[in-house]
*Asks:* 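Quick one: the structure is below, questions incoming.
Letters A, B, ... are given to chains in the order of the sequence lines, protein chains preceding strands, and every chain is numbered from 1. All values reported here derive from a predicted model rather than from experimental measurement.
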Amino acid sequence: MIRITLPDGSVREVKEGASFLEVANGISPRLGKTAVCVRWNGELHDLRETVSADGTLSVVGPGQPEALNTLRHTASHVMAQAIKRRFPNARLGIGPAIEEGFYYDLDLPSPLAEDDLEKITADMREIIAADLPIARRELSKDDARTLFEKRGETYKLELLNDIEGETVSIFEQGEFVDLCRGPHLRSTGGLRADAVKLLSVAGAYWRGDEARPMLQRVYGTAWEKAKDLEQYLWKLEEAAKRDHRKLGKELDLFSIHEEGGAGLICWHPKGARLRRTIEEFWYAEHDRHGYDIVTTPHIGKAQLWTISGHLGFYRENMYSPMDIDGADYFIKPMNCPYQILIYKTRGHSYRELPMRMAELGTVYRYERSGVLHGLLRVRGFTIDDGHIFCRADQVDDEIRGVYDFALSMLTAFGFRDFDIYLATRPHAGKAVGEPERWEQATDALRAALDARGLPYKVDDGGGAFYGPKIDIKVKDTLGRPWQCSTIQFDFNLPERFDMTYIGEDGAEHRPYMVHRALLGSLERFIGCLIEQYGGAFPVWLAPVQAVIIPIADRHNAYAETVAERLRGAGLRAQVDDSAERMNSKIRAAQLNKVPYMLVVGDREAEAGAVALRLRSGEDAGAVPVEAFIQTASGIVRSKSAELWAGA
RNA sequence: GCCGGCGUAGCUCAGCCGGUAGAGCUACGGUUUCGUAAACCGUGGGUCACAGGUUCGAUUCCUGUCGCCGGCUCCA
C-alpha cells in the first residue's frame with residue numbers, strides 16, 4: 001500500500017498503481033468529478049498518472065491557477081489538432097500554456113492569414129463539441145521515436161533526444177498525438193468553445209535560435225467561462241488605451257518621423273516640459289546624493305572606443321564612423337569612457353573616494369529595425385548615467401546607497417510594481433576579472449537587496465561580461481517588462497583605462513567602478529510613465545497643470561490675470577481663449593488630462609476667485625485664487641498623487 | 001535582422017472584383033458670448049508612404065525601398 005498525505009494532514013492508503021483520478025474519487029466522488037489535475041509532491045501531474053510511492057497530494061479543481069494552466073495547455077493541443085486537420089503537412093514544434101493564454105509553434109507549408117484563424121477556430125469548436133477523450137500513454141523513447149518518425153514530426157524527434165530518462169509521455173485525442181508532459185483535461189469537451197479565442201500569428205525561431213528555422217506561432221487565450229474571456233478582452237482594450245504611443249500623439253508629447261529616422265524622438269513642447277520636470281528633479285536629487293554633474297561630447301575618436309573595448313565588444317551596436325581630418329570618429333553608444341577620462345585628468349587620493357559622477361548623456365545605438373518600439377526601444381536616448389569610483393571597503397555602502405536611491409526615484413514617480421533581478425557571473429569563462437572580485441561585488445549587491453527586503457530573482461549567469469548587476473524592470477500596459485534602473489559592477493574599464501588612486505599606503509590601487517542608471521533612459525522612463533498614468537500625470541508632472549477657461553470673451557482679461565498669478569507662483573497655467581463655448585473648452589482640457597480647470601465668469605471675476613473643476617470630473621466649487629495657488633503649490637511640492645486636498 | 005500584417009487629408013477612418021477619392025474632427029473665415037465633456041454656417045486640405053513594373057488605364061495587381069504594428073532575437 002502507498003501512503004498519501006492530503007493537505008489537511010490526513011493520510012490515505014491506496015494500492016500501488018492507482019491513478020490520481022482514482023485517488024481523488026476515493027477521497028470524494030465529487031472531488032473526483034471536478035478534479036482537473038493534481039499537485040503531487042509539489043509538482044503538477046495528470047489525473048491519469050499512477051502512484052508508485054508515498055507522497056503528498058492536493059487535488060487541483062476549477063478556479064485554481066493550475067487548472068487554468070492545464071486548460072490552456074489542452075487548448076493549445078486542440079488548436080494544433082485543428083491546424084493539422086486543415087494543414088496535414090504541418091509539423092509540430094512546442095505548444096505551452098503562457099501567462100494569459102497559450103501558443104503553438106508549427107512549421108507550416110504556407111503562412112497563416114487572419115481568416116485562417118477563423119477557420120481554425122471553427123475546427124476547434126468541432127473538436128471541443130466532439131468531446132474527444134484525451135488519453136495519456138507512457139512509452140519508451142524508442143517507441144516514441146518510431147511513432148513520431150512515422151508521423152514526420154521532426155521537431156518532436158529533436159525534443160525527444162533532449163529528454164532525459166527512459167520513458168516519455170504522450171497525449172492523444174482522436175487522430176492527434178503529441179509528445180507532452182501534461183497535465184491535460186480529461187477530454188476536449190472540458191474546454192468551453194465560447195471561452196477560447198485565437199489572437200494572433202507571429203514568427204518564432206525554433207528554440208529561440210535565429211540560426212534555426214522560423215516557425216509560425218499562433219497565440220490564443222482560453223478561460224473557464226465566456227465571461228472571463230470577455231473580461232480579458234476588455235482588459236486588453238483598456239490597456240491599448242494607455243499605450244504611450246497613442247497617448248503621445250493625443251497629448252501632443254512627442255513624435256517620430258519617417259523622414260527623420262526610426263527610433264529617433266522629437267519632443268514637443270508638452271513632452272519636453274514633462275521631460276524637463278523630470279530632469280530638474282533628477283538634478284536636485286543627484287546634488288542631494290553627492291554626485292558631481294558632468295557633460296561629455298557626443299562623438300569620440302576610434303582610439304577612445306578601442307581603449308574602452310567598445311570597438312571590440314560593442315561594434316554591432318555602434319554607427320559607422322565619420323571621417324574628421326582623416327581620423328575616424330564614432331557617435332557614442334555609452335557615456336562611461338568620457339567620464340573615465342575626466343577621472344583620469346589628475347591623480348586621486350583614497351581620501352576623495354567615493355567619487356560619484358553623473359550626466360544626462362545622450363547616446364545612439366544601432367538597434368535592429370524590428371525591435372524598435374515607441375519610446376521604449378529607440379536608437380537615440382538619454383541615459384541618466386552615473387559612475388561611482390570607489391575603494392574596496394566602500395563598495396557595500398555605495399551599492400546600498402545606489403540601490404536605495406534607485407528605489408526612491410522610482411517610488412517618487414509612483415512606480416510600485418517592478419521586478420528586481422540580481423544577475424550573476426556569466427558561466428564558461430565568459431567573464432573578465434578575478435573570481436574574488438566577482439564574489440565580493442555580487443555579495444555587495446545581494447547585501448543591498450536583502451537590506452531592503454524587496455523580493456528579487458537571481459538571474460544566474462546573467463551578468464555582463466565585465467561585472468554582476470542589479471536590474472529593475474517596470475512593466476508596460478501589456479505586461480511586457482522593460483529595464484529601467486540598472487546597477488552594474490565593472491572590472492573591465494578600470495583595467496583598460498588603467499585607472500588608479502593613491503592609497504593610504506602610498507601605492508597605486510585600482511578603483512572599483514559601478515555604472516548606474518536610475519531611470520534608465522529618459523525616453524523609456526517617460527514611455528513607462530505615460531502608461532503608468534494613462535497620460536493623467538500627477539500634478540507635479542503634468543505639462544499643463546491648470547487651464548483657465550473664460551466663459552465669455554469679456555472674461556479673457558481676468559483669466560489672463562489669474563494665469564499670470566499662477567505662473568508667478570510657479571504653476572504651469574494656460575488660458576483657453578479660443579472662440580469655443582465653455583463646454584467645449586472643458587472637454588478639450590479634459591481630453592488633455594489637465595488636472596485643474598479653472599472656470600472664470602462674472603461671479604469669479606467679481607470675487608477674485610475661480611470655479612475649480614478637477615480632472616476627475618469633480619466640481620470643487622468657487623475657490624479664491626490665492627487659496628487655489630496655496631493648495632496646488634502644496635500638492636506640487638509634495639509630489640502627491642492626489643489631485644486636490646479636500647477642503 | 002527574421003516571420004506575418006499594415007501604410008488613403010494634420011488626426012481617426014470609409015473606399016466591393018483595376019476606371020486618378022470621401023466622412024467626422026482639426027485648420028481657416030463668419031455668426032454666436034454661452035456656467036461644467038463637442039454651438040451654427042461656410043471654406044480649404046490628398047503625387048492614396050516612396051520608386052519601379054504589369055495594364056489602354058493602378059490607391060487597388062506584382063517587385064523593391066522606407067516606416068509602422070504583433071511576435072522572435074536583442075537591449076536603457
Side-chain angles (χ1 to χ4, degrees), chain A residues 103 105 108 110-114 116 199-219 243 245-246 249-250 252 255-263 314 316-317 333-335 361 363 365-385 464 471-474 478 480 482-486 488 515-525 527-528 549-556 579-591 597-604 611-615 617-622:
Chain A
Y103 68 79
D105 284 349
L108 289 162
S110 61
L112 287 177
E114 281 297 310
D116 285 325
L199 299 171
S200 63
V201 46
Y205 297 109
W206 171 237
R207 310 196 115 183
D209 183 347
E210 60 184 306
R212 315 205 59 181
M214 179 160 277
L215 309 182
Q216 293 190 63
R217 174 171 297 179
V218 186
Y219 282 95
D243 189 315
R245 295 164 297 185
K246 181 177 145 72
K249 201 182 277 182
E250 287 173 3
D252 198 13
S255 56
I256 304 170
H257 302 266
E258 191 166 340
E259 310 88 303
Y314 208 69
E316 67 275 18
N317 288 296
M334 290 191 196
N335 300 303
V363 300
R365 296 182 189 171
Y366 172 71
E367 297 287 353
R368 302 207 275 182
S369 61
V371 306
L372 299 173
H373 183 87
L375 292 177
L376 299 182
R377 189 75 182 272
V378 295
R379 284 180 173 159
F381 54 101
T382 302
I383 308 181
D384 65 318
D385 209 353
D471 287 335
I472 304 178
K473 299 184 186 192
V474 171
L478 295 174
R480 294 176 290 207
W482 296 91
Q483 183 175 316
C484 288
S485 314
T486 183
Q488 314 181 336
H515 305 246
R516 41 112 286 178
L518 308 185
L519 308 179
S521 78
L522 288 172
E523 286 72 13
R524 177 174 290 177
F525 188 75
C528 290
I549 298 174
I551 288 176
D553 287 351
R554 67 174 180 279
H555 308 120
N556 284 358
E580 294 297 330
R581 291 172 60 200
M582 179 199 64
N583 283 321
S584 167
K585 294 178 185 179
I586 287 177
R587 181 166 191 272
Q590 199 74 49
L591 291 176
M597 283 151 263
L598 311 183
V599 177
V600 296
D602 293 329
R603 296 202 293 269
E604 289 74 21
L612 173 63
R613 180 194 162 100
L614 304 176
R615 181 171 61 196
E618 186 191 339
D619 184 349

*Asks:* So for A:Q216 and B:G71, does any side-chain atom that can act as donor or acceptor lie under 3.5 Å from a complementary atom in the base?
*Replies:* no
*Asks:* If you only use heavy atoms from C-beta on, which nucleotide in B:G1, B:G71, B:U36 is closest to the side chain of A:R217?
*Replies:*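 So the side chain of A:R217 is nearest to B:G71.
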*Asks:* Identify, with sequence neighbours excluded, every residue that meets ring pair (Phe, Tyr, Trp, His ring centres under 6.0 Å) alongside A:Y219.
*Replies:*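 Partners of A:Y219 under the ring pair (Phe, Tyr, Trp, His ring centres under 6.0 Å) test: A:Y103.
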*Asks:* Checking all strands, does A:A589 fall into the base, sugar-phosphate, or nothing category for heavy-atom contacts under 4.0 angstrom?
*Replies:*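 Nothing, no nucleic acid heavy atom in range.
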*Asks:* Within the pair A:Q483 and B:C75, is there a side-chain N or O less than 4.0 Å away from OP1 or OP2?
*Replies:*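 No, no such contact exists.
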*Asks:* Rounded to whole Å, please give me the gap between CD in A:E259 and P in B:G10.
*Replies:* 11 Å
*Asks:* By nearest nucleotide on RNA chain B, pick out whichever of A:A552 and A:N583 is the more 5' one.
*Replies:*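 Mapping each residue to its closest nucleotide by heavy atoms, the 5'-most match is A:A552.
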*Asks:* Please name the nucleotide paired to B:G45 by Watson-Crick or G-U wobble geometry with both distances under 3.5 Å, or report none.
*Replies:* none
*Asks:* Using a cut-off of less than 4.0 Å, is there contact between a side-chain N or O of A:H555 and OP1 or OP2 of B:C34?
*Replies:*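 Indeed not, no polar side-chain atom of A:H555 lies that close.
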*Asks:* Can you find a side chain N or O atom of A:S369 that sits less than 4.0 Å from OP1 or OP2 on B:G1?
*Replies:*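 Checking A:S369 against B:G1: at least one side-chain N or O falls below 4.0 Å of OP1 or OP2.
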*Asks:* For the side chain of A:E367, counting heavy atoms from C-beta on, which of B:A38, B:C75, B:G35 is nearest?
*Replies:*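 The answer is B:C75, which lies nearest to the side chain.
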*Asks:* Less than 4.0 angstrom between a side-chain N/O of A:R245 and OP1 or OP2 of B:C69, yes or no?
*Replies:* yes
*Asks:* Please state how far atom CD in A:E580 lies from atom C1' in B:U31, giving the value in whole angstrom units.
*Replies:* 13 Å
*Asks:* Measure the spacing between CD of A:Q483 and CG of A:L376 and express it to the nearest 0.5 Å.
*Replies:*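 The CG atom of A:L376 is 13.0 Å from CD of A:Q483, to the nearest 0.5 Å.
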*Asks:* Separation of A:D243 atom CG from B:C11 atom P, in whole Å?
*Replies:*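 Spelled out: CG on A:D243 to P on B:C11 is 17 Å.
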*Asks:* With the stacking rule set at 5.5 Å and 30°, tell me whether A:F381 counts as stacking on B:A76.
*Replies:* yes
*Asks:* Using a 4.0 Å heavy-atom cut-off, does A:G208 contact any base of the nucleic acid, only the sugar-phosphate backbone, or nothing at all?
*Replies:* sugar-phosphate
*Asks:* What contact category does A:A262 fall into here, base, sugar-phosphate, or nothing, at under 4.0 angstrom with non-hydrogen atoms?
*Replies:*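 Sugar-phosphate only.
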*Asks:* Within this structure, what is the CZ-to-P distance between A:R603 and B:U36, rounded to whole angstrom?
*Replies:*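 A:R603 atom CZ is separated from B:U36 atom P by 9 Å.
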*Asks:* Using a 4.5 Å cut-off on heavy atoms from C-beta on, say whether the side chain of A:I549 contacts that of A:L598.
*Replies:*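 They are not in side-chain contact.
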*Asks:* Please work out if A:G520 contacts a base, only the sugar-phosphate, or nothing of the nucleic acid, heavy-atom cut-off 4.0 Å.
*Replies:*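 A:G520: backbone/sugar contact only, no base atoms under 4.0 Å.
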*Asks:* Suppose we define a pair by two distances each less than 3.5 Å, Watson-Crick or G-U wobble; what does B:U60 pair with here?
*Replies:* none
*Asks:* Counting Watson-Crick and G-U wobble pairs only, both distances under 3.5 Å, name the nucleotide matched with B:C13, or none.
*Replies:*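 Answer to the pairing question: B:G22, which forms a Watson-Crick or G-U pair with B:C13.
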*Asks:* Less than 4.5 Å apart, any side-chain heavy atom of A:Y205 and any of A:R212?
*Replies:* no
*Asks:* Using Watson-Crick or G-U wobble geometry with both distances under 3.5 Å, which nucleotide pairs with B:U54?
*Replies:*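 Per the H-bond distance test, none.
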*Asks:* What is the separation between atom CZ on A:R377 and atom C1' on B:A76, rounded to the nearest whole Å?
*Replies:* 9 Å
*Asks:* Taking the side chain of A:Y219 as its heavy atoms from C-beta onward, which of B:A76, B:U36, B:G71 lies nearest to it?
*Replies:* B:G71
*Asks:* Let's test your reading of the model: under 3.5 Å, does the base of B:A37 pair with the side chain of A:R613 as donor and acceptor?
*Replies:*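 Yes, a donor-acceptor pair under 3.5 Å.
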*Asks:* As a test of reading the structure: which of B:A76, B:C34, B:A37 is closest to the side chain of A:I551, going by heavy atoms?
*Replies:* B:C34
*Asks:* I need the CE-P distance between A:M597 and B:A38, as an integer number of Å.
*Replies:*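 Rounding to the nearest Å, CE of A:M597 and P of B:A38 are 13 Å apart.
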*Asks:* Starting at NZ of A:K473 and ending at C1' of B:A76, how long is that distance when rounded to a whole Å?
*Replies:*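 In whole Å, B:A76 C1' and A:K473 NZ are 11 Å from each other.
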*Asks:* Report yes if at least one side-chain N or O of A:Y366 is closer than 4.0 Å to OP1 or OP2 of B:C74; otherwise report no.
*Replies:*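 Answer no for this pair, as no side-chain N or O of A:Y366 is under 4.0 Å from OP1 or OP2.
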*Asks:* Expressed as a whole number of angstroms, how long is the span from A:Q590:CD to B:U36:C1'?
*Replies:* 9 Å
*Asks:* Which part of the nucleic acid does A:L199 contact within heavy-atom distance under 4.0 Å: base, sugar-phosphate only, or nothing?
*Replies:* nothing
*Asks:* Which atom pair, heavy atoms only, marks the closest approach of A:E367 to A:V378?
*Replies:* CG-O, 3.5 Å
*Asks:* I want to verify a distance call: between B:U32, B:U36, B:C34, whose nearest atom is closest to the A:R554 side chain?
*Replies:*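 Side chain of A:R554 sits closest to B:C34.
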*Asks:* Kindly point out which of B:G7, B:U12, B:G1 is positioned nearest to the side chain of A:Y205?
*Replies:* B:G1
*Asks:* Could you tell me whether A:I383 contacts a base, only the sugar-phosphate backbone, or nothing, with contacts defined as non-hydrogen atoms closer than 4.0 Å?
*Replies:*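 Nothing, no heavy atom under 4.0 Å.
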*Asks:* With heavy atoms under 4.0 Å as the rule, sort A:E604 into base, sugar-phosphate or nothing.
*Replies:* base
*Asks:* To the nearest 0.5 Å, what is the distance between CD (A:E580) and NZ (A:K585)?
*Replies:* 8.0 Å
*Asks:* Just name whichever nucleotide pairs with B:C66, Watson-Crick or G-U, keeping both distances under 3.5 Å, else none.
*Replies:* B:G7
*Asks:* Return the nucleotide paired to B:A38: Watson-Crick means purine N1 to pyrimidine N3 with N6-O4 or O6-N4, wobble means G-U with N1-O2 and O6-N3, both under 3.5 Å.
*Replies:* none
*Asks:* Choose from B:A37, B:G71, B:A76 the nucleotide whose nearest atom is closest to any side-chain atom of A:R587.
*Replies:* B:A37
*Asks:* Could you say whether A:L612 or A:H373 is positioned toward the 5' end of RNA chain B, judged by the nucleotide with the nearest heavy atom to each?
*Replies:*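 Looking at the nearest nucleotide for each, A:L612 comes out on the 5' side.
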*Asks:* Check every atom of B:G71, B:G1, B:U73 against the side chain of A:E210 and return the nucleotide holding the closest atom.
*Replies:*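 It is B:U73.
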*Asks:* Could you check if a side-chain atom of A:L519 sits within less than 4.5 angstrom of a side-chain atom of A:R524, using non-hydrogen atoms only?
*Replies:* no
*Asks:* Please determine, for the side chain of A:S584, which listed nucleotide (B:G1, B:G7, B:A38) has the closest atom?
*Replies:* B:A38
*Asks:* Counting only Watson-Crick or G-U wobble pairs whose two distances fall under 3.5 Å, which nucleotide matches B:C72?
*Replies:*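 B:C72 is paired with B:G1.
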*Asks:* Whether A:K585 contacts B:A38 is assessed here as follows: a side-chain N or O lying under 4.0 Å from the phosphate OP1 or OP2. Is that the case?
*Replies:*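 For A:K585, the contact criterion (side-chain N or O under 4.0 Å from OP1 or OP2 of B:A38) is not met.
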*Asks:* What's the shortest heavy-atom distance between A:T382 and A:E523, and which atoms?
*Replies:*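 Scanning both residues, the minimum pair turns out to be N-OE1, 2.8 Å.
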*Asks:* Under 4.0 angstrom, heavy atoms only, what part of the nucleic acid is A:D385 near: base, sugar-phosphate, or nothing?
*Replies:* nothing
*Asks:* May I ask you to say what A:V363 touches in the nucleic acid, namely base, sugar-phosphate or nothing, with a heavy-atom cut-off under 4.0 Å?
*Replies:* nothing
*Asks:* Give a yes/no answer on whether the side chain of A:R368 brings an N or O atom under 4.0 Å of OP1 or OP2 in B:C72.
*Replies:*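 A:R368 to B:C72 OP1/OP2: no side-chain N or O under 4.0 Å.
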*Asks:* Could you walk me through whether A:D384 and A:L522 pass the side chain to side chain contact (heavy atoms under 4.5 Å, CB included) check?
*Replies:* CA-CA 7 Å; A:D384 65 318; A:L522 288 172; 5.7 Å; no
